[in-house]
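Notes follow the structure.
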Amino acid sequence: MKQFANKVIDRRSLLSGGVALVGGTSIAGVVDPNSALAQSSNQDTNSAPSASLQSHSMDNMITVGDVDNEANGFDPTELLTDWETGTVSIDENGKTLRTFEVEAIDKDIEIAPGILFPAWTFGGRIPGPTLRATEGERLRIIFKNNGSRPHSMHFHGIHHASVDGISPASGLIEPGDEFVYEFNATPFGCHLYHCHAFPLRHHMHKGMYGTFIIDPDPEKHPDERDVALSRKLGTPQNDEWQELVMVMNAFDTSFDGENEFYAVNTVAHHYMKHPIAIDKSRPVRVYLVNVTEFDPINSFHLHANFFDYYDHGTTLTPTLRTVDTIMQCQAQRGILEFSFKDHEPGKYMFHAHQSEFAELGWMAMFEVGEA
Ligand SMILES: [Cu+2]
């Protein structure tokens, strides 16, 4: 029997330091409402932190141990560079047709050690697959709903109402049904897709979202061809870059309309425990998307460095230069570019600059080293 975290761990008790989460054993039964863990979570904000928290307080983390990546079916480290490029063919008009297949499926995801979240997912993972295409291509997304609820796919991009993923036009796709979304890949940029079933906030916070990247077609941008080439997956110019996709998300495990856990790519503190390896000689490009529900904004702050920012990724020149913090509301996204080439090797932190989010899981490290 699985025991979920609802009614056991709330945001207030996590922030008060009343509970430490310890993984490493099987997920089932970790949060028994009668357990010491559950009882400690009911301490008020003035009470002393538990012994287990104190023993780990130097890590500034509420989570101890790791989640079971195998059971989750994904490793947040691999997810950073996991581009889903679909299958390419030529359609009847001689145009490049890129086809993706995406499945909705219910799945329990361990979002912090010992904390199972009963998620609704695209592709059995959160965030869903990072769909990547090139500007101007015809895209066909075959969506199969194998979940228990009606869902849809709503893409941020330019397309007709009939494929917008909202009812009544393209409707909700009932469990067991399939729908094909088809449109042209435009505009280039860093976008997202998500389920648009109502109540929307419920379907969003349950995990139904993913990144949707449209690389610029260099031939369409003669004046900025080199930049466009560097953004187009698979070119030698693109290979120079270390590209990473980061989705800022959060989970309301007690279903009280407040998030208890924050992360990039779902698992709280994952990149603190597994810093992201960076070759200091090569530039870094982050595709950053915010899908956080319940909080009006999220943010990204880079330590000891500054970056250029491309709002929505829809330009080839930065929309902000030399900043170290960026703020995004839900569905806002952009591209960050920076370099550690003149830095000494070491661990460089990045995190939400809402301190509360950082403490609840959205805190991470780059491990900068020589090639
Ligand atoms: Cu949905």
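The figures here come from the full heavy-atom set of this structure, side chains too, leaving out hydrogens, waters and symmetry mates. Just follow the structure's listing: the first ligand is 1, and inside any ligand the first atom is 1. Here the structure is a predicted model, which means the values were calculated and not measured.
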Everything protein-side that's N, O or S and under 2.8 Å from the Cu ion (ligand 1): list it, residue and atom.
His151 ND1, Cys195 SG, His203 ND1

Among side-chain atoms of Asp75 and His274, is any donor-acceptor pair under 3.5 angstrom?
no

Restricting to ring-ring contact (aromatic ring centres under 6.0 Å, His included), what partner residues turn up for Phe294, sequence neighbours left out?
His205

May I ask you to say whether Lys144 pairs ionically with Glu101, meaning some side-chain N is under 4.0 Å from a carboxylate O?
no

Val289-Tyr309 co-clustered via ILVMFWY side chain contacts under 4.5 Å
yes

Using 30° and 60° as the class boundaries, would you call the ring planes of His154 and His156 parallel, tilted or perpendicular?
perpendicular

Separation of Trp362 CH2 from Phe357 CZ (nearest 0.5 Å)
11.5 Å

